[in-house]
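One structure is given below, encoded as structure tokens.
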Amino acid sequence: MTDIKELLLSRIRDVADYPEPGVMFKDITPLLADPAAFTALTDALAEVTVRHGATKIVGLEARGFILGAPAAVRAGVGFIPVRKAGKLPGATLSQAYDLEYGSAEIEVHAEDLVAGDRVMVIDDVLATGGTAEASLQLIRRAGADVAGVTVLMELAFLAGRQRLESALGGAPLEALITV
Ligand SMILES: O=P(O)(O)OC[C@H]1O[C@H](OP(=O)(O)OP(=O)(O)O)[C@H](O)[C@@H]1O
Ligand SMILES: Nc1ncnc2[nH]cnc12
């Protein structure tokens, strides 16, 4: 494992049985509190964004906002929040989905994504892939192109990568760490 991967992994805390029995929760708050680790993560996310020619970053509420916004500033691209339903004031596109512990609905301002955009989706964890899959459906429904999905951590045993295959349509899925 490279130095940066080791640094990032060392700052992610496992919390057993949260938010419900049987879930091993990956808590990124120790990483966010460490400026060296957070800076290294931001630089890595920005590098992937630029490498894949993205013109915008979509961050997935809420932890995807914390990672995606500084990466967008570093990469010099716009940041678009994809929010849980009912939080955006303008005209929205909505998509329902299931996740490891429950179900939800996400929305984006329809005017924020247009034909010609190349969008990189950023989030902290890829688990079942339900959240990321719904975001890709929103991006395509808005008429924009998918540059890829980049996550800090992929939980491979939940097979999110397989679930995302068709929604990605050949676009890359990059995980800085896979467990
Ligand atoms: O691959 P999936 O099974 O969809 O799970 C991954 C999603 O779950 C978590 O978000 P959560 O909905 O818990 O929201 P939060 O970021 O607001 O805590 C995580 O930040 C991802 O967005
Ligand atoms: N195990 C997990 N840890 C952190 N975030 C998650 N989102 C879905 N599953 C998760």
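In listed order, ligands and their atoms are each counted from 1. Any value given below was found using the heavy atoms of this structure, including those in side chains, with hydrogens, waters and symmetry copies removed.
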| note | Logged contact type for L155 with ligand 2, heavy-atom cut-off 4.0 Å, is side chain
| message | Heavy-atom pairs closer than 4.0 Å: do any link ligand 1 to the side chain of D124, the backbone, both, or neither? | response | side chain
| query | Got an N/O contact under 3.5 Å between L126 and ligand 1? | reply | no
| query | Going by the order shown, which atoms of ligand 2 are within less than 4.0 Å of some heavy atom of A127? | reply | 8 (C), 9 (N)
| request: Could you say whether the N/O atoms of G129 and ligand 1 ever approach to under 3.5 Å? | output: yes
| task | Quick one: closest heavy-atom pair of I122 and A71, and the distance? | result | CD1-CB, 4.2 Å
Donor-acceptor contacts, no H, no angles, side chain residues 165-179, under 3.5 Å, sequence neighbours left out:
unit_1, atom_1, unit_2, atom_2, d
E174, OE1, R51, NH2, 3.3
E174, OE2, R51, NH1, 2.9
E174, OE2, H52, NE2, 2.7

| request: For ligand 2, indicate whether the residue R63 contacts it via side chain, backbone, both or neither (heavy-atom separation under 4.0 Å). | output: side chain
| note | Heavy-atom proximity to atom 22 (O) of ligand 1, picking from T131, L67, D123, V82, points to D123
| message | Suppose we screen for salt bridge (charged side-chain N to carboxylate O under 4.0 Å, His left out). Which residues come up paired with D124, at least two apart in sequence or across chains? | response | R63
| query | Can you find a heavy atom in the side chain of L136 that is under 4.5 Å from one in the side chain of L164? | reply | yes
| query | Less than 3.5 Å between some nitrogen or oxygen of V125 and one of ligand 1, yes or no? | reply | no
| said: Is the contact between L60 and ligand 1 made by the side chain, the backbone, both, or neither, using heavy atoms and a 4.0 Å cut-off? | reply: neither
| message | Geometry only, no angles: is K26 polar-contacting ligand 2 at N/O separations under 3.5 Å? | response | yes
| Min side-chain heavy-atom separation P70-F38 under 4.5 Å | yes
| field | Validation row: R83, E107 side chains within 4.5 angstrom (heavy atoms) | value | no
| remark: With heavy atoms and a 4.0 Å threshold, my read on which part of K84 contacts ligand 1 is side chain
| query | Where the closest heavy atom to atom 10 (O) of ligand 1 is concerned, which of R63, M153, E133 has it? | reply | R63
| said: Within the 4.5 Å heavy-atom criterion, are K56 and V77 side-chain neighbours or not? | reply: no
| query | Hey, is E61 close enough to K84 for a salt bridge, meaning N to O under 4.0 Å? | reply | no
